[in-house]
**Q** 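Sharing a structure with you now.
By convention in this document, chain letters (A, B, ...) are assigned in the order of the sequence lines, proteins followed by strands, and residues within each chain are numbered from 1. If you're wondering where the values come from, they're calculated on a predicted model, not measured in any experiment.
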2 protein chains.
Amino acid sequence: MISILSALAEPTRLGALRILADGGEHCVCELMDKLGASQSRMSRHMSLLKTNGLVVDRRDAQWVRYTINPDLPDHLRGLIDAVLAAADAEIPLPKRKAA
Amino acid sequence: MISILSALAEPTRLGALRILADGGEHCVCELMDKLGASQSRMSRHMSLLKTNGLVVDRRDAQWVRYTINPDLPDHLRGLIDAVLAAADAEIPLPKRKAA
DNA sequence: CCATTATATGCGGATATGCGCATAAGCAAA
DNA sequence: TTTGCTTATGCGCATATCCGCATATAATGG
């Protein structure tokens with residue numbers, strides 16, 4: 001629990017989760033670009049999210065695709081949803097369609 | 001947001017919130033006892049929760065009574081509820097009535 | 001005023017966290 | 001195999017976090 005919250009309490013990691021929140025797969029390089037993070041930094045942060053079971057990864061050729069762990073227990077899924085909602089309330093994400 | 005999550009991501013502070021979750025007022029001395037924390041430690045942690053707007057305090061004679069901030073915006077109230085629910089799922093709180 | 005109880009805070013030290021740099025490792029195409 | 005692209009990791013540094021100890025501040029009662 002504490003480690004889960006710690007995992008969420010960091011800007012790059014929270015930013016990554018917000019991007020993954022669309023339910024799709026995203027490679028490290030994409031997350032780096034969108035979040036303005038260096039490669040090693042992004043890789044390490046994703047590794048920590050993975051260690052804490054919040055995301056899962058998949059090798060796809062030279063890329064590693066991350067997604068939010070689809071098998072999260074209900075209370076953790078609820079926690080993440082609440083965190084994402086609170087983050088959106090603070091700083092709305094840029095929309096893809098309709099400005 | 002990040003600072004809110006950081007505030008939650010510490011055992012003594014999360015423990016305090018779980019105690020405050022009954023909606024009542026609790027003094028520092030009570031929290032110290034129940035959480036096995038030293039006085040300075042407890043005081044500092046409560047101070048940080050207060051700084052982040054999660055709790056409010058009230059002087060009552062020689063005591064300072066803390067409660068969860070009743071004026072939290074919805075998304076933060078939702079976040080706290082989700083955190084408390086997840087914490088309960090991990091380690092249920094001892095019940096007062098009925099084991 | 002003094003003693004007692006409750007809480008806050010300055011200080012220094014130990015440990016944890018986050019970072020960049022360099023390098024390794026994985027994979028694909030030539 | 002060599003080259004290039006992507007991701008992971010060892011290392012050391014800078015800073016943040018947490019703690020206990022000691023002391024200050026606040027309030028109460030004698």
**Q** Report the nucleotide, chosen from dG10(D), dA22(D), dT7(D), that has the shortest atom-to-atom distance to any side-chain atom of R44(A).
**A** dG10(D)
**Q** Can a donor-acceptor pair under 3.5 Å be found between the side-chain atoms of T12(B) and the base atoms of dC18(D)?
**A** no
**Q** Can a side chain N or O of S47(B) be found less than 4.0 Å away from OP1 or OP2 on dA8(C)?
**A**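 Checking dA8(C) against S47(B), no side-chain N or O comes under 4.0 Å of OP1 or OP2.
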**Q** Has R44(B) got a side-chain atom pairing as donor or acceptor with S47(B)'s backbone, closer than 3.5 angstrom?
**A** no
**Q** When you get a sec, tell me which of dC19(C), dG20(C), dG20(D) is the closest nucleotide to the side chain of S40(A)?
**A**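 Closest of the options to the side chain of S40(A): dG20(C).
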**Q** May I ask you to verify if any side-chain N or O of H45(B) is less than 4.0 angstrom from the OP1 or OP2 atom of dC19(D)?
**A** yes
**Q** Can you check the M46(B) CE to dC18(D) P distance for me, whole Å?
**A** 14 Å
**Q** Are Y66(A) and M46(A) side-chain neighbours, meaning at least one heavy-atom pair lies under 4.5 Å?
**A** yes
**Q** For the pair made of CG in L14(B) and P in dT17(D), what is the distance, rounded to whole Å?
**A**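 After rounding, the gap between these two atoms is 18 Å.
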**Q** Which atom names give the shortest non-hydrogen contact between A82(A) and A82(B), and what distance separates them?
**A** CB-CB, 3.6 Å
**Q** Given atom CG of L48(A) and atom P of dA8(D), what is their separation to the nearest angstrom?
**A** 13 Å
**Q** So, does N69(B) use its side chain to make a donor-acceptor pair with the main chain of D71(B) at under 3.5 Å?
**A**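 A pair under 3.5 Å: yes.
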**Q** Go through dC27(C), dG20(C), dT6(D) for me and flag the one nearest to the W63(A) side chain.
**A**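 Among the listed nucleotides, the one closest to the side chain of W63(A) is dT6(D).
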**Q** Does Q39(B) make a side-chain donor-acceptor contact with the base of dA6(C), cut-off 3.5 Å?
**A**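 Between dA6(C) and Q39(B), which were checked side chain against base, a qualifying N/O pair under 3.5 Å is absent.
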**Q** Identify which nucleotide among dT7(C), dT6(D), dA8(D) has an atom closest to any side-chain atom of C29(A), counting heavy atoms from C-beta outward.
**A** dT6(D)
**Q** Mind calculating the distance between CG (D57(B)) and P (dA6(C)) to the nearest angstrom?
**A**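 Distance check: D57(B) CG to dA6(C) P gives 17 Å.
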**Q** Check for a donor-acceptor pair, side chain of R13(A) on one end and backbone N or O of A16(A) on the other, with a separation under 3.5 Å.
**A**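 No.
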**Q** Quick check against the 3.5 Å criterion: does E25(A) have a side-chain atom that pairs as donor or acceptor with the backbone of T67(A)?
**A** no
**Q** Tell me whether the side-chain N or O atoms of R13(A) pair up with the base of dG18(C) as donor and acceptor below 3.5 Å, since no angle test is needed here.
**A** no
**Q** Assess whether one donor atom and one acceptor atom, taken from the side chain of Q62(B) and the base of dT5(C), lie less than 3.5 Å apart.
**A** yes
**Q** Could you state the atom-to-atom distance from CE of M42(A) to C1' of dG20(C) in whole Å?
**A** 16 Å
**Q** Can you check the D60(B) CG to dA26(D) C1' distance for me, whole Å?
**A** 13 Å
**Q** Check the phosphate of dT7(D) against S43(A), side-chain N and O only, distance under 4.0 Å to OP1 or OP2. Yes or no?
**A**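 Checking dT7(D) against S43(A), no side-chain N or O comes under 4.0 Å of OP1 or OP2.
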**Q** Verify the contact: side-chain N or O of R59(B) to OP1 or OP2 of dA26(D), cut-off strictly under 4.0 Å; return yes or no.
**A** no
**Q** Given atom CZ of R41(A) and atom P of dC21(C), what is their separation to the nearest angstrom?
**A**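 Taking atom P of dC21(C) as the reference, CZ of R41(A) is at 12 Å.
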**Q** When you check the phosphate oxygens OP1 and OP2 of dA8(D), does a side-chain N or O of Y66(A) lie under 4.0 Å from one of them?
**A**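 Yes, because at least one side-chain N or O of Y66(A) sits under 4.0 Å from OP1 or OP2 of dA8(D).
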**Q** Tell me which nucleotide among dT7(D), dC19(D), dC19(C) gets nearest to the side chain of E10(B).
**A**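 The nucleotide sitting nearest to the side chain is dC19(D).
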**Q** If you assign each of A9(A) and A61(A) to its closest nucleotide in DNA chain C, which residue comes earlier from the 5' end?
**A** A9(A)
**Q** Please report the distance, rounded to the nearest Å, between CG in L31(B) and P in dA8(C).
**A** 11 Å
